[in-house]
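In each ligand, atom 1 is the first atom listed, and ligand 1 is the first ligand listed.
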Amino acid sequence: MTISCLALACSPRKNGNTAILAKRALDACAAAGCTTDYLYLAGYNYRPCQACGGCNKTGRCVIDDDARVIYEKILAADRLIVAAPIFSMGICAQAKMLIDRAQQFWATKYLLKRNVITGNNRTPRKGIFISCAGTTLPGVFTGAQRVVQYFFKMLEVELLAQLCFDGVDDKGDILKHQHALEQAAAYGRMLAAGRPRMQ
Ligand SMILES: Cc1cc2nc3c(=O)[nH]c(=O)nc-3n(C[C@H](O)[C@H](O)[C@H](O)COP(=O)(O)O)c2cc1C
């Protein structure tokens with residue numbers, strides 16, 4: 001059975017620094033035999049959480065928009081790559097807006113006491129976080145890393161690594177950082193290792 005790997009490219013800057021790293025990881029994953037999917041989030045239409053509390057009763061978000069499609073893909077994937085830059089000292093809005101919509105999984109787990117991943121698909125899922133920041137300010141990634149840790153926990157995905165590169169600002173700057181490119185590819189290969197979930 002083939003392992004599937006999904007990358008969420010959260011930056012609105014198409015083919016920017018975080019997207020380049022996500023593609024390196026995904027390419028390495030594909031070369032190792034995985035099926036891959038790449039989502040450019042800014043191309044999807046979804047709203048922020050309305051805090052209506054609807055998901056508290058059902059474990060399902062009441063808003064019918066593209067977040068449903070994205071989450072179907074996320075829940076179906078064996079491996080997850082979240083690639084998002086730092087905007088205003090936190091994770092970019094496209095990522096945060098999607099992550100807040102994961103409140104439905106928090107409700108599933110903690111209010112309804114149900115598993116998010118159901119059926120026989122219990123083999124641990126794995127993923128990584130990739131980020132870039134223009135500055136080298138201490139703690140520039142801290143907030144984003146906490147958010148992503150929470151997101152992966154909600155989705156029952158083991159967070160293998162947070163690959164965060166600072167001092168990377170202009171589009172394509174990351175191409176000058178060979179170490180970052182190699183690390184992304186190495187983690188892509190690592191994601192490809194292991195057993196996929198049973199169907
Ligand atoms: C709206 C906006 C806000 C930003 N805020 C920060 C910031 O607070 N700290 C920082 O280090 N870089 C900041 N940056 C720089 C980006 O993190 C940096 O350019 C990064 O490489 C972008 O990655 P991308 O090409 O994947 O979009 C900001 C960029 C934008 C467009």
Region of [X] that comes within reach of ligand 1 [heavy atoms, distance under 4.0 Å]:
X      : result
Arg13  : side chain
Ala133 : both
Asn17  : both

For the side chain of Asp27 and the backbone of Ala185, is there at least one donor-acceptor N/O pair under 3.5 Å apart?
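No, the answer is negative, given that no donor and acceptor are paired below the 3.5 Å cut-off.
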
Polar side chain donor-acceptor pair, Thr136 to Asp166, under 3.5 angstrom
no

Could you check whether Asn15 and Lys23, counting side-chain N and O atoms only, form a donor-acceptor pair closer than 3.5 Å?
yes

Quick check: [X] and ligand 1, any N/O pair under 3.5 Å apart?
X      : answer
Pro85  : no
Gly134 : yes
Thr135 : yes
Met89  : yes

Is the shortest distance from a heavy atom of Lys171 to ligand 1 less than 4.0 Å?
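Distance cut 4.0 Å: Lys171 fails for ligand 1.
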
Identify, by atom number and element, the atoms of ligand 1 in contact range of Ser88, meaning under 4.0 Å from any of its heavy atoms.
3 (C), 4 (C), 5 (N), 6 (C), 7 (C), 8 (O)

